[in-house]
Amino acid sequence: MKCENCTKKECSNKQRNEDRQNTPADVLNSNDENEEKSEFHKLANAKIFLSDCLACDNCITSDEAVRVFQQNQKELFHVLNLNKKCDTSKHKVLAVSICPQSLPYFAAKFSLTVTEAAQRLCGFLKSLGVHYVFDTTIAADFSILESQKEFVQRYRHQNQEEHAIPMFASACPGWIQYAERVLSSLVTPHICTAKSPQQIMGSLVKGYFARQQNLSPDKIFHIIVAPCYDKKLEALREDFHTPLYNSQDVDCVLTSGEVFQIMEQSKVSLREIAEVAFDTLFDGVKEAELIRHDGRKSDGYLEHIFKYAAKELFDTEVKDVVYKALKNKDFQEVTLEKDGETVLRFAAAYGFRNIQNMVLKLKKGKCSYHFIEVLACPGGCLNGKGQAQTEDGKPDKALLRQMEDVYATVPVRLPETNRQVQKLYQEWLDGMDSMKVHPPL
C-alpha cells in the first residue's frame with residue numbers, strides 16, 4: 001500500500017505502522033502504572049494518533065512514535081508535582097513558550113481579543129505553577145531575518161550555485177521531516193538553513209535565558225504550546241539536544257487543544273482568569289504589547305522575504321503583497337515586475353497535495369519560483385490539527401474563520417524594528433554577521 005503523503009511507489013513502513021497508527025498514547029505508555037498519582041494526574045490520558053501528525057508515516061520510527069505519544073499533559077503535571085516535593089534537587093524551573101498562532105484559538109473559544117486571551121492564558125498557566133511564560137514571536141523574528149538574508153545571498157549566487165534557487169522555507173516541521181526523510185537530496189539543498197522559530201526559542205530559553213538566570217539547561221523544563229502535532233516530532237531532533245547536560249532544548253510540546261483540555265478538566269474559563277503580562281527573556285522586563293508578522297495565517301515568511309528582497313535586490317518598496325490564486329486557495333503566487341520582466345516569483349504551497357506538485361515540478365526542472373513558503377497544514381498554521389478540528393476529527397471551519405478574524409486584528413511589526421532582537425544579536429550571538437549567526441552556504 002502507498003502512504004497518503006509518500007512520493008514512493010511502495011512504502012515499506014506502511015504495514016508495520018498501520019497497527020500503531022490507531023494505537024493511542026495511553027496504550028503505548030507502559031510506565032503509567034508506576035507513575036506517582038497526584039491531583040495533577042486526574043486528567044485523562046491524551047489520545048494522540050500517528051494520523052494526527054502531518055508528516056508521512058514513513059518519516060517516523062517506532063521509537064519516535066512512542067516519544068511523541070509521551071509528550072502530553074502528564075509531563076507538565078509530573079514536573080508541577082515534583083516542584084511541590086521537599087527534595088529541591090528534583091525541582092525544575094517551568095517555562096512555557098506560546099506560538100502566536102495558538103492565541104487566536106483561545107480568543108475564539110472564549111470570545112476574547114487575542115491580547116486578552118494571551119494575558120489570561122499566561123495567568124492560567126502561572127496559577128498552575130508555571131514560572132515563566134514567553135511569546136515565541138521573538139524567535140520568529142530571528143528566523144525571518146536570517147531567512148531574508150539567506151534568500152538574497154542565494155539569489156545573487158544562483159548562476160554559480162546549482163541548488164541556490166528555488167529556496168524552500170524551513171519553518172514547518174512537518175514539511176522538513178517529510179523533505180529530509182522522503183525527498184532527501186532532491187530537495188534538501190534548496191531548504192533554507194535558518195532554524196525554525198521553535199528551534200530558536202529552545203536555544204534562547206535553554207541557552208541565553210538559562211545563563212541570565214544562572215541555571216544549567218537541565219534545570220529548566222521548557223514547554224511549547226503550538227497549533228500542530230508536528231512540533232512534537234521536531235522537539236525530538238538530535239540537533240535540538242545539548243549533550244553536555246543531556247537536555248533537549250524543548251522538553252515537551254502541547255497543542256492548543258491539549259491546553260484547552262486541561263481547562264475543561266479543571267472547569268476553568270479564561271474569562272474568569274486575571275490578566276498577567278507575558279515575560280521576556282530579559283530579567284524583570286514584561287512584554288509590552290502583543291504583535292504579529294505579516295502573513296494571513298502563519299508567521300509570514302513569504303511576505304517579509306518578498307518585501308526585503310524587492311528592496312535589497314531591486315530598490316523597490318512593496319507596501320502590499322498581492323496574491324494570485326492558482327489551482328486552489330492553498331497554492332498562490334506573488335510576483336514583482338521590473339521594466340516589463342518578472343524578477344521575483346514567489347509561491348505559497350500549503351498542504352501535501354500542493355507540496356508534491358511543487359516537488360514534481362522541481363524534479364522535472366520546471367520550477368520557476370525563486371522562493372516557496374511551504375506549510376504542511378492546508379490553510380496554514382492557524383489550521384493546525386492540534387486546534388482547528390471538531391471532536392470527531394473533522395476541520396472546524398467556523399472556528400477557523402473566527403481565528404482568522406481575530407488574528408487579523410493583531411498589530412504587525414517588522415522583525416527589523418524589534419530592539420530586543422538587536423540586543424540579543426549583540427549579547428548572545430556576537431553580532432548580526434558573526435559565524436554563529438550566518439554560516440556560509
Side-chain angles (χ1 to χ4, degrees), residues 143-172 175 179 183 186-194 292-351 353-375 378-380 408 412-417 432-433 438 440-441:
S143 186
I144 290 170
L145 288 172
E146 291 310 309
S147 298
Q148 290 177 171
K149 290 191 292 183
E150 182 171 331
F151 174 77
V152 168
Q153 184 180 354
R154 283 175 177 261
Y155 190 95
R156 287 171 173 162
H157 290 87
Q158 61 182 302
N159 294 328
Q160 293 81 38
E161 300 285 345
E162 180 183 0
H163 301 294
I165 297 295
M167 185 178 93
F168 290 98
S170 58
C172 174
W175 151 244
L183 304 176
L186 170 68
V187 166
T188 50
H190 293 277
I191 295 174
C192 177
T193 62
R292 68 175 176 91
H293 298 108
D294 267 331
R296 300 158 298 166
K297 305 172 186 180
S298 64
D299 278 320
Y301 283 77
L302 185 149
E303 296 197 19
H304 284 286
I305 295 173
F306 186 82
K307 291 178 179 179
Y308 180 82
K311 179 63 176 175
E312 287 292 310
L313 297 170
F314 304 104
D315 196 27
T316 299
E317 294 278 358
V318 176
K319 291 186 178 180
D320 297 312
V321 174
V322 179
Y323 287 85
K324 177 184 177 182
L326 299 178
K327 293 183 178 181
N328 54 69
K329 63 180 181 179
D330 282 329
F331 183 48
Q332 302 189 54
E333 73 172 20
V334 176
T335 58
L336 178 68
E337 308 289 330
K338 188 81 170 179
D339 299 326
E341 179 186 0
T342 300
V343 292
L344 287 179
R345 188 184 299 273
F346 283 27
Y350 300 168
R353 181 178 300 177
N354 290 319
I355 292 171
Q356 288 177 354
N357 288 336
M358 190 67 66
V359 170
L360 186 61
K361 288 182 179 182
L362 181 67
K363 184 181 290 187
K364 293 180 177 180
K366 296 181 179 180
C367 183
S368 60
Y369 295 105
H370 298 107
F371 174 80
I372 304 161
E373 181 183 70
V374 184
L375 297 175
V412 173
R413 182 184 66 194
L414 291 175
E416 294 91 333
T417 63
M432 294 189 69
D433 297 318
H438 205 223
L441 293 177

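Nothing fancy with the numbering, it's 1 onward along the sequence.
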Legend entry - Test salt bridge (charged side-chain N to carboxylate O under 4.0 Å, His left out) applied to Asp339 - qualifying residues, sequence neighbours left out: none

Legend entry - Considering all heavy atoms, the nearest His157-Gln153 contact: ND1-O, 2.7 Å

Inset, instruction - Only counting residues at least two apart or in another chain, list the ones meeting ring pair (Phe, Tyr, Trp, His ring centres under 6.0 Å) with Phe346. - result: Phe151, Phe306, Phe371

Inset, instruction - Supply the atom-to-atom distance Leu145 CG to Ile305 CD1, rounded to the nearest 0.5 angstrom. - result: 10.0 Å

Legend entry - Which atom of Thr417 lies closest to which atom of Arg413, heavy atoms considered: OG1-CG, 3.2 Å

Legend entry - CG on Asn354 to CG on Leu326, rounded to 0.5 Å: 9.5 Å

Legend entry - Distance-minimising heavy-atom pair for Arg345 and Ser368: CD-OG, 3.5 Å

Inset, instruction - Just do the side chain to side chain contact (heavy atoms under 4.5 Å, CB included) check on Lys324 and Val334 with the steps written out, would you? - result: CA-CA 6 Å; Lys324 177 184 177 182; Val334 176; over 6 Å; no

Inset, instruction - Could you check Glu303 against Tyr323 for side chain to side chain contact (heavy atoms under 4.5 Å, CB included), going step by step and ending with a plain yes or no? - result: CA-CA 10 Å; Glu303 296 197 19; Tyr323 287 85; 3.1 Å; yes

Legend entry - Spacing of Tyr350 atom OH and Cys172 atom SG [to the nearest 0.5 Å]: 10.5 Å

Legend entry - Short side-chain donor-acceptor distance under 3.5 Å, Glu416 and Gln148: yes

Legend entry - Donor-acceptor contact present, side-chain Glu373 to main-chain Leu302, <3.5 Å: yes

Inset, instruction - Can you see which heavy atom on Pro166 is nearest to which on Ile372, and at what distance? - result: CB-CD1, 4.2 Å

Legend entry - Leu375 to Gly380 - nearest heavy-atom pair and separation: CD1-CA, 3.9 Å

Legend entry - Cys192 to Ser170 - nearest heavy-atom pair and separation: O-CB, 3.2 Å

Inset, instruction - Output the distance between atom CD1 (Ile191) and atom CZ (Phe168), rounded to the nearest 0.5 Å. - result: 7.5 Å

Legend entry - Qualifying residues under side-chain hydrogen bond (donor to acceptor under 3.5 Å, both in side chains), relative to Thr342, sequence neighbours excluded: Glu337

Inset, instruction - Kindly write out the residues that satisfy salt bridge (charged side-chain N to carboxylate O under 4.0 Å, His left out) with Lys361, not counting sequence neighbours, or none if the list is empty. - result: none

Legend entry - Residues which pass salt bridge (charged side-chain N to carboxylate O under 4.0 Å, His left out) with Glu162, listed by chain and number, not counting sequence neighbours: none

Legend entry - side chain to side chain contact (heavy atoms under 4.5 Å, CB included) between Tyr155 and Glu312, intermediate numbers included: CA-CA 11 Å; Tyr155 190 95; Glu312 287 292 310; over 6 Å; no

Inset, instruction - Hey, could you give me the NE2/CG distance between His304 and Leu414, rounded to the nearest 0.5 Å? - result: 6.0 Å

Legend entry - Side-chain heavy atoms of Arg353 within contact of Phe331, under 4.5 Å: no

Inset, instruction - State, yes or no, whether a side-chain contact exists between Gln356 and Leu360 at a heavy-atom distance under 4.5 Å. - result: no

Inset, instruction - Quick one: pull up NE2 in His163 and CG in Leu362 and give me the separation to the nearest 0.5 Å. - result: 9.5 Å

Legend entry - Non-neighbouring partners of Thr316 that pass side-chain contact (heavy atoms from CB on, under 4.5 Å), sequence neighbours left out: Ala310, Phe314, Val318, Leu336, Lys338

Legend entry - Sidechain-backbone polar pair: Glu161 side chain, Arg154 backbone, donor-acceptor under 3.5 Å: no

Inset, instruction - For Tyr301 and Ile144, run side chain to side chain contact (heavy atoms under 4.5 Å, CB included): C-alpha distance rounded to whole Å, both residues' side-chain angles, the deciding distance at 0.1 Å, then the answer. - result: CA-CA 6 Å; Tyr301 283 77; Ile144 290 170; 3.9 Å; yes

Inset, instruction - For Glu317, look at atom CD and say whether over 12 heavy atoms of other residues, nucleotides or ligands are found less than 6.0 Å away. - result: no

